[in-house]
2 protein chains.
Amino acid sequence: MSAPTLADVAELAGVSRQTVSNAVNNPDLLRADTLARVQQAIDELGYKPNRAARNLRTRASHLIGLRITPVQEGTASVVMDRFVHSLVEKSGEAGYHVLLFTDALEDDPLTGYDELLRSTAVDAFVVTDTYLGEGQAAWLRERRAPFVSFGRPWDDDNARHPWVDIDGAAGTELATRHLIEKGHDRIAWIGWKKDSVLGEERRSGWLRAMHEAGLPTTGLASRVEDAVNSGCSAARVMLAEAGPTAFVCASDTLAIGVMHTLAERGLQAGDDVAVVGFDDSQVAQTVWPGLTSVRQPLEEAAVELVKALEGLLATPSQVGPGVMLTPTLEVRGTSGPDRR
Amino acid sequence: MSAPTLADVAELAGVSRQTVSNAVNNPDLLRADTLARVQQAIDELGYKPNRAARNLRTRASHLIGLRITPVQEGTASVVMDRFVHSLVEKSGEAGYHVLLFTDALEDDPLTGYDELLRSTAVDAFVVTDTYLGEGQAAWLRERRAPFVSFGRPWDDDNARHPWVDIDGAAGTELATRHLIEKGHDRIAWIGWKKDSVLGEERRSGWLRAMHEAGLPTTGLASRVEDAVNSGCSAARVMLAEAGPTAFVCASDTLAIGVMHTLAERGLQAGDDVAVVGFDDSQVAQTVWPGLTSVRQPLEEAAVELVKALEGLLATPSQVGPGVMLTPTLEVRGTSGPDRR
DNA sequence: TCCGAGTGTTGGAACGATCAAGGCAGGATG
DNA sequence: CATCCTGCCTTGATCGTTCCAACACTCGGA
């Protein structure tokens, strides 16, 4: 009735417990025929090592913790969904499972980490949203908790942990260049408030591409909240005051807002005014006529994170350099035709 | 350096291990002053019970497994994101964590379950996508694995497990009635292929509302793949052949397709032709002028699932009835004005 | 014949918690 | 006064695995 144990297998195969353990963990220590015999017993009984017992003995759970934050309703971004999936898949291949947790109600973000850490429920954490400055990384470092972070250590200067990040500036630069190549010369930026490090980074990519091409930027930048309505009104103001022929936005949410304003004015997104978003959300993929958008290589990020994680757990002392990945541009209808 | 154990706390507090254990698990067994003394020692050392050791002894991991499937790119649906978050939150409140897993590459969906089950890594599973007929439920039942399902036991007649589902027909009925009240009488259905039980269920809600109002349905139903393009072409045909004034769709993805076709024809979604989607995706929330959509009460579903899970793990033999939840309608621009 | 190296295998202890049973006061009961 | 009970706490065993050190066995060399 109850699950077979190591001892059951050992008895059936006529060997000792340790031999079965070796068959599972160090097969090359056994003589071929013994291994085969043990293997058959394992198959016959359907034996799988008991996780709890193994965890207890080896002091490892093969679990990695990931904190998830509430879904932002009303925005376009669904980065988390794709990222979580990639992470689960890649860590699964490395023999790790992903354990999700949220903040306990009305508590600070660190209680979740603390609980899992102290109860030795997970081997390591994957930290995201480092740009929010919640001090997750610093806190974990203090406790010597193993973790890798998806996102640069923005808020932690003396950080010494592995990280993987995506070069947002490269993304917006890509987007801006794409529009310049299309023949645009008045390209506006709709981004986030100045206190958003991520927003400022993405803005800098637009700025770089514009300067490089010798195009004007004054009066062409706007900084607002990440909401559809904010995008709408920013675009309204921008169209009235600066007459841009294209918009580069810090998010698909803002880009959608811009598109609303264009529709409102009877302007055709793409043909009349070009728009580029950021995140390649499902909104960008499905909205008419298709929103050109910067796509983060989340699968790749997951691969790198798991790689870093494995390295970290194998040799905790030495930490490799951070990994910076470059996003790609998904070109769709709102890019519009060439204007030359 | 290493984490404090029960024995450490016991020594510091001057009591036995068992007493500390009781202080943690059955506080009311202790005299008040002893409890206080132990509690202080616990706080002082920052003690948390070791998960692995506890799991081993109690034969429970307080983990529940959830299988996730790849994100469908190019569609609007993001049900999983919201659901996962709700589930993590609600199960966290009940003392459970959620363990994610995916199918091992090119393997059948059941290997993931098998592995976690046999290694006693999780206490139970939450099964989703039962409408796909992958036989997850039947397979788990066979192994006597505890699980609850989000979705009726479509594919398993003699199922005896707790389940929670959302009444899709009630959703589309709600949507259709809403349009009827607005004064529409030629309301088309764009749904999925006949082999989709979910699609047929949603269709039945439309049918019911139409019959109830004595409205015609012949020539007004279309069954296609769940893709934006399919929605486009279905709408094109429908407009040409049946002249509907409103569309009810099985998904936001299809609804977006319908909206594309309307835009293509110079028709105003809402003012000229009404459209209602299903899922209240971020696309529905952000697209212009706002897509009216049926919203699944996923938070509520998570609550019910966790409740069922707790019941199941407490008394595995008795199984309560399934829980059916009713969706709501999020009214937005594509509903259009009253036509009376 | 015996030794020592090289393989494989063995039983006992440990990981850190909970379970089951038992000890020990002190008051109620006959 | 002996007995029983009740409340509170302690002791030893146990969950299933891996680590550790010691132990057989084979086989070539002295």
Side-chain angles (χ1 to χ4, degrees), chain A residues 1-39 41-42 45-63 95 115-123, chain B residues 1-39 41-42 45-63 95 115-123:
Chain A
M1 190 64 233
S2 93
T5 73
L6 203 63
D8 298 332
V9 177
E11 192 179 7
L12 180 61
V15 295
S16 70
R17 299 191 317 274
Q18 181 63 37
T19 304
V20 179
S21 177
N22 284 336
V24 174
N25 301 311
N26 304 83
D28 36 327
L29 286 183
L30 301 197
R31 217 169 37 208
D33 61 326
T34 314
L35 180 59
R37 196 154 39 96
V38 174
Q39 194 58 54
I42 288 177
L45 294 175
Y47 168 77
K48 269 262 172 185
N50 180 302
R51 280 284 261 261
R54 170 178 280 180
N55 293 351
L56 175 59
R57 194 64 180 95
T58 61
R59 302 168 164 286
S61 64
H62 281 256
L63 251 44
E115 193 194 316
L116 290 173
L117 187 58
R118 291 225 309 261
S119 63
T120 61
V122 301
D123 289 349
Chain B
M1 189 64 234
S2 92
T5 72
L6 204 64
D8 297 332
V9 177
E11 191 180 9
L12 180 62
V15 295
S16 70
R17 300 191 318 275
Q18 183 61 41
T19 302
V20 179
S21 175
N22 284 336
V24 174
N25 302 310
N26 304 84
D28 37 327
L29 287 182
L30 303 198
R31 217 168 42 205
D33 62 325
T34 315
L35 179 58
R37 196 153 38 95
V38 174
Q39 194 57 53
I42 288 178
L45 293 177
Y47 168 77
K48 270 261 173 187
N50 180 300
R51 279 283 262 260
R54 171 178 279 183
N55 292 350
L56 175 59
R57 194 62 178 99
T58 61
R59 303 169 163 285
S61 64
H62 281 257
L63 250 46
E115 191 195 317
L116 290 172
L117 188 58
R118 290 225 309 260
S119 63
T120 60
V122 300
D123 290 350

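Keep in mind that what you see is a predicted model, and the values were worked out from it rather than measured. To find a chain, count down the sequence lines: A is the first, B the second, and so on, and within it residues start at 1. Hydrogens, waters and symmetry mates are skipped; everything else that's a heavy atom, side chains included, is used.
- The CG atom of B:Leu29 sits 11 Å away from the P atom of C:dC19 (whole-angstrom rounding).
- Among the heavy atoms of the strands, none lies under 4.0 Å from A:Asn55.
- Atom C1' of nucleotide C:dA17 and atom CD1 of B:Ile42 are separated by 13 Å, given to the nearest angstrom.
- A straight line from CG of B:Leu56 to P of D:dT14 spans 14 Å, rounded to a whole angstrom.
- Side-chain proximity of A:Leu30 to D:dT11, C:dT9, C:dA17: nearest is C:dT9.
- Donor-acceptor pairing under 3.5 Å, judged by distance alone, is present between the side chain of A:Arg17 and the base of C:dG12.
- Taking CD of A:Gln18 as the start and CG of A:Asn26 as the end, the distance is 8.5 Å to the nearest 0.5 Å.
- Here C:dT18 presents its C1' atom at 16 Å from CZ of B:Arg51, a figure rounded to the nearest Å.
- Within 3.5 Å, a donor on the side chain of A:Arg57 pairs with an acceptor on the base of C:dA14, or the reverse.
- The distance from atom CZ of A:Arg118 to atom C1' of C:dG16 is 16 Å, rounded to the nearest whole Å.
- For A:Ser21, no side-chain nitrogen or oxygen approaches OP1 or OP2 of D:dT17 to under 4.0 Å.
- Between atom CG of residue A:Asp8 and atom CD1 of residue A:Ile42 there is a gap of 12.0 Å, rounded to the nearest 0.5 Å.
- With C:dG16, D:dG16, C:dT10 as the candidates, the nucleotide lying closest to the side chain of A:Arg59 is C:dG16.
- Summarising the geometry, the separation between CG on B:Leu6 and P on C:dG16 is reported as 11 Å, rounded to the nearest angstrom.
- Between B:Asn50 and B:Thr5, every side-chain heavy-atom pair lies at or beyond the 4.5 Å cut-off.
- Contact annotation: B:Thr58 side-chain N/O to C:dT18 OP1/OP2 distance is not under 4.0 Å.
- Contact between A:Val38 and A:Ala13 at its shortest, heavy atoms only, is CA-CB, 4.1 Å.
- In this structure, B:Asn26 atom CG and C:dC19 atom C1' are separated by 11 Å, rounded to whole Å.
- Look at CZ on B:Arg54: it is 18 Å from P on D:dG16, rounded to the nearest Å.
- Looking at heavy atoms from C-beta onward, A:Leu63 lies in side-chain contact with A:Arg51 at the 4.5 angstrom threshold.
- In the set D:dC8, C:dT9, C:dA17, C:dT9 carries the atom at the smallest distance from any side-chain atom of A:Thr34.
- Taking the side chain of B:Gln18 as heavy atoms from C-beta on, and the options D:dG16, C:dG11, D:dT11, the nearest nucleotide is D:dT11.
- At the heavy-atom level, A:Thr5 lies under 4.0 Å from the strands shown only through sugar-phosphate atoms.
- Neither OP1 nor OP2 of C:dT9 sits under 4.0 Å from any side-chain N or O of A:Asn22.
- Residues A:Asn25 and B:Arg31 both approach DNA chain D. Their nearest nucleotides, taken by heavy-atom distance, put B:Arg31 toward the 5′ side.
- Taken to the nearest 0.5 Å, the CZ atom of B:Arg59 stands 8.5 Å off from the CZ atom of B:Arg57.
- Regarding contacts with the backbone of C:dC15, every side-chain N or O of B:Asn50 stays at 4.0 angstrom or more from both OP1 and OP2.
- The listed nucleotides are C:dT9, D:dT11, D:dT18; the one nearest the side chain of A:Ser16 is C:dT9.
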